[in-house]
Amino acid sequence: MIDVNIPTTDLDRLVGGLNSAQRDAVMAPPEHRLVLAGAGSGKTRVLTHRVAWLIAAEQVSPHSILAVTFTNKAASEMRTRIERLLALPTRSMWVGTFHGIAHRILRLHWQEASLPQNFQILDADDQLRLIKRVLRGLNLPEDRWPARSACAFVNASKEEGRRAKDLQDRGDFNHRQYVRIYTAYESACSAAGLVDFGELLLRVYELCRDNGDLRDHYRRRFRHILVDEFQDTNTLQYAWLRLLVGETGALFAVGDDDQSVYSWRGARIEHMMRAERDFPGAQISRLEQNYRSTAIILEAANGLIERNSGRLGKRLWTDGDRGDPIQLYAAFSETDEAEFVCDRIRHHRDQGGRCIDMAVLYRSNAQSRVLEEALVRHQLPYRIHGGLRFFERLEVKDALAYMRLLASRDDDIGFERAVNTPARGIGATTMERLRPLAREAGHSLWYTARAVVVGGGGALGRSTGAVRGFLEFVDALDEATKERSLADRMEAVIASAGLREHYRKEKTEQAETRLENLDELVSACQAFEVEYGRGVHFAEPGAGDEMNAMNPLTAFLAQAALEAGDQQADSGSDCVQLMTLHAAKGLEFPVVFLVGMENGLFPNGRAVNEGNLEEERRLCYVGLTRARQQLYLSHAETRRIHGSEQVGAPSPFLREIPSDCMTEVRPRVGILRPARGFSAKTSPRFREEAVDGYRLGQTVRHARFGEGTILAFDGAGSGARAEVHFRDAGTKWLLLSIAKLQPQ
DNA sequence: GCAGTCGTCATTTTT
DNA sequence: TGACGACTGC
């Protein structure tokens with residue numbers, strides 16, 4: 001089995017550092033294999049070493065390998081690590097996201113897929129815009145037929161592999177309307193040569209399903225298909241994998257059913273269970289040794305996740321330290337919780353810790369604001385993950401709209417955006433005349449507009465001149481810059497379309513950032529061209545003809561849609577990381593704060609109503625297992641949600657975590673509490689150290705409630721009250737004159 | 001085409 | 001509470 005050309009020492013090096021379970025998976029015979037990889041068990045390691053092993057030991061040509069991930073980050077990391085392991089170029093190996101791979105196949109076989117050669121990709125935002133347009137075209141009021149729901153319907157249908165025609169004449173009135181919308185949306189996309197994310201996958205699936213020659217071609221080619229985060233595959237992705245693997249391919253899928261948290265995006269955890277049946281002879285490996293967290297954190301995570309039913313079953317262990325107990329803090333309010341977090345961050349930093357090693361995780365984005373405010377108050381640098389990414393920014397999309405028109409005049413989304421940005425007298429009225437003409441003729445806006453202008457412009461009335469001006473402008477711009485570099489063209493667009501001027505005049509505080517982003521966009525073009533010239537994206541010596549098929553402009557636009565870019569430039573600096581639990585999946589931090597652990601918030605009330613408590617629990621499991629050394633959990637007794645104060649019970653997950661993993665943090669002496677009768681924001685905080693002979697933090701005994709700790713004081717004289725946290729009875733406000741608390 | 005106002009909505013978002 | 005979209009009036 002071992003090739004004589006490859007020194008044994010190199011193979012040793014490939015598997016030498018692996019534990020036995022990892023080695024078992026990496027060195028497995030080239031047949032179907034399912035690797036259940038627990039959090040922090042070296043999943044990526046196994047995947048990359050497996051690829052290297054196939055090439056080095058099994059003599060598999062990189063040409064026969066397809067490795068699929070969900071994120072661009074994972075894909076590029078995988079390629080980098082494989083290349084480092086092998087010290088060989090692996091350009092003929094396909095490594096990419098499901099969408100990236102699908103896109104690549106469609107560029108190669110656009111004719112077979114019945115797409116125009118210069119088809120363009122719609123991102124989520126573009127898709128929603130187009131759906132809105134379709135709704136207006138169908139005269140469906142948006143309050144009755146929300147664009148978001150329609151969009152969700154279309155996406156869910158595509159994820160299930162269903163076309164509008166497959167859904168016809170079934171279901172209730174609502175459903176039929178949605179099918180109508182779906183149908184109209186499909187024709188709008190095809191008239192404009194547009195493909196959304198779901199469509200990329202669906203087209204490729206249909207192509208492989210219906211085109212035997214092509215299917216056989218790819219089956220012959222990709223003998224080894226490796227999949228990362230297998231638990232996140234949706235119905236369509238799974239079906240496509242089955243199709244591609246066929247009778248001859250070998251599937252190597254890595255995943256963790258306990259970390260499946262994207263069911264609302266179509267991911268089906270059942271695929272993990274079904275794969276054993278659908279891929280005959282599939283062997284299962286379990287990676288349970290964890291290299292990330294302390295034993296105590298793993299114990300908590302194991303204890304929690306065991307409450308879920310229907311798991312494939314796994315128990316994480318480590319031969320590392322037990323570590324420090326998880327600290328649980330019961331905050332008075334969300335502000336107090338944020339103060340606690342900041343206090344601990346400062347503590348860690350004072351001990352020599354770096355901010356970048358600390359992360360605050362929450363269930364919903366809305367929770368970040370209070371945390372941000374506190375971090376600012378404490379002058380702690382932070383970075384929020386989430387929000388708009390570079391290629392999703394308004395000004396960037398404006399500039400790209402022109403580029404899209406240069407790439408494809410039929411791109412309606414580009415047309416809609418560019419036509420009146422900056423304003424050039426082609427407003428809503430004009431567009432409302434143009435759109436139905438285009439729809440009825442089944443043509444793009446550009447085509448229709450040109451036909452009207454050439455024909456005398458009667459249908460457009462007074463704005464005919466403006467429309468003609470726009471068409472001529474775009475054509476002239478194209479003609480003038482055709483032979484120039486991508487960056488030059490972008491610069492020409494920004495300058496001559498008047499975008500730079502438009503944003504220069506804008507008097508908001510963001511104006512400057514916007515101008516900077518436009519400049520950044522030109523640089524991005526430059527960088528892209530260098531890479532593209534080197535063939536980093538598509539070149540494949542001897543086999544890649546899609547490079548010729550796709551010009552740099554189209555390639556750039558596709559990349560902008562498929563990899564919307566980083567969120568912020570300052571990612572390198574020493575900042576506390578703030579993000580949702582979903583965004584934290586796949587990451588790790590020495591110190592983790594998991595905040596907002598209240599019933600209704602986490603687990604999220606809506607999710608529980610929909611019967612997804614187990615997925616919430618998995619999300620909690622994901623959160624716990626992000627921590628390497630120290631984990632803090634907190635919940636607030638009251639929290640402002642949508643403007644009104646809500647009392648929240650601690651999350652049931654807190655009870656499910658074995659209690660010997662946790663210690664309750666005693667409230668600090670001098671805890672901050674807003675004065676009653678004043679809003680937390682405007683009133684000065686006051687700090688009562690002692691009242692009526694009692695002091696904060698003091699242990700007292702109550703006749704009925706037992707032993708407790710004084711957390712706060714309020715009022716004076718006969719109205720003086722204390723808040724006491726009782727070990728067994730919870731936290732209560734008691735009048736000192738009545739409660740007769742016994743100092744202990 | 002714009003600024004101002006009102007009403008509605010509020011989980012997560014790899015591509 | 002506050003963000004966003006639709007509507008209104010110049």
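Naming: A, B, ... by sequence-line order, numbering from 1 per chain. Given the structure is predicted, the values throughout are model-derived calculations rather than measurements.
Taking atom P on both C/dC4 and B/dT13, the two are 16 Å apart, rounded to the nearest angstrom. Between C/dA6 and B/dT11, the distance separating the two C1' atoms is 25 Å to the nearest Å. Taking atom C1' in both C/dA3 and B/dT14, the straight-line distance is 25 Å, to the nearest Å.
Of the candidates B/dT12, B/dT15, C/dG2, the closest approach to any side-chain atom of A/Asn365 belongs to B/dT12. Comparing atom distances between the A/Thr580 side chain and each of C/dT1, B/dT13, B/dT15 picks out B/dT13 as nearest.
Between A/Tyr182 and A/Phe153, the ring planes lie perpendicular to each other; the angle is over 60°, past the 30° to 60° tilted range.
In this structure, the ring of A/Phe222 has its center less than 6.0 angstrom from the ring center of A/Trp94. Between A/Trp264 and A/Tyr262, a ring centre-to-centre spacing shorter than 6.0 Å is recorded.
Between A/Ala423 and A/Thr71, the one whose closest nucleotide on DNA chain B sits nearer the 5' end is A/Ala423. Looking at which nucleotide of DNA chain B each of A/Gly427 and A/Phe197 is closest to, the 5′-most match is held by A/Gly427.
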Practice item. Go through the steps to decide whether A/Phe415 and A/Phe470 satisfy the test ring pair (Phe, Tyr, Trp, His ring centres under 6.0 Å), and finish with yes or no. Key: CA-CA 10 Å; A/Phe415 189 100; A/Phe470 176 70; 5.6 Å; yes
**Study point:** Steps toward side-chain hydrogen bond (donor to acceptor under 3.5 Å, both in side chains) verdict (A/Tyr621, A/Asn308)
**Key:** CA-CA 11 Å; A/Tyr621 174 80; A/Asn308 271 6; over 6 Å; no
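If you measure from atom CG of A/Asn72 to atom P of B/dT15, you get 5 Å, rounded to the nearest angstrom.
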Extract all donor-acceptor atom pairs below 3.5 Å that involve side chains of residues 646-653 of chain A and protein atoms in other chains or at least two apart in sequence.
{"unit_1": "A/Ser651", "atom_1": "OG", "unit_2": "A/Phe602", "atom_2": "O", "d": "2.9"}
{"unit_1": "A/Ser651", "atom_1": "OG", "unit_2": "A/Phe653", "atom_2": "N", "d": "3.1"}

In residues 136-147 of chain A, what donor-acceptor pairs under 3.5 Å come from side-chain atoms, sequence neighbours left out?
{"unit_1": "A/Glu142", "atom_1": "OE1", "unit_2": "A/Ala147", "atom_2": "N", "d": "3.4"}
{"unit_1": "A/Arg144", "atom_1": "NH2", "unit_2": "A/Asn174", "atom_2": "OD1", "d": "3.2"}

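Residues from residues 254-266 of chain A that place a heavy atom under 4.0 Å from any atom of DNA chain B, listed by number: A/Tyr262, A/Trp264, A/Arg265. The stretch residues 600-614 of chain A touches DNA chain B through A/Asn604, A/Arg606, A/Glu610, each having a heavy atom within less than 4.0 Å of the strand. Contacts of residues 638-651 of chain A with DNA chain C (heavy atom under 4.0 Å): A/Arg640, A/His642, A/Gly643.
Side chain to side chain, A/Asp196 and A/Gln127 meet the donor-acceptor criterion of an N or O pair below 3.5 Å. Using modelled atom types, one finds a donor on one side chain and an acceptor on the other under 3.5 Å when comparing A/Glu615 with A/Ser263.
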Check your understanding: How does protein reach along nucleotides 5-10 of chain C, written 5' to 3' as B (base within reach of a heavy atom under 4.0 Å), S (only sugar-phosphate), or - (no contact)?
Key -> -S----
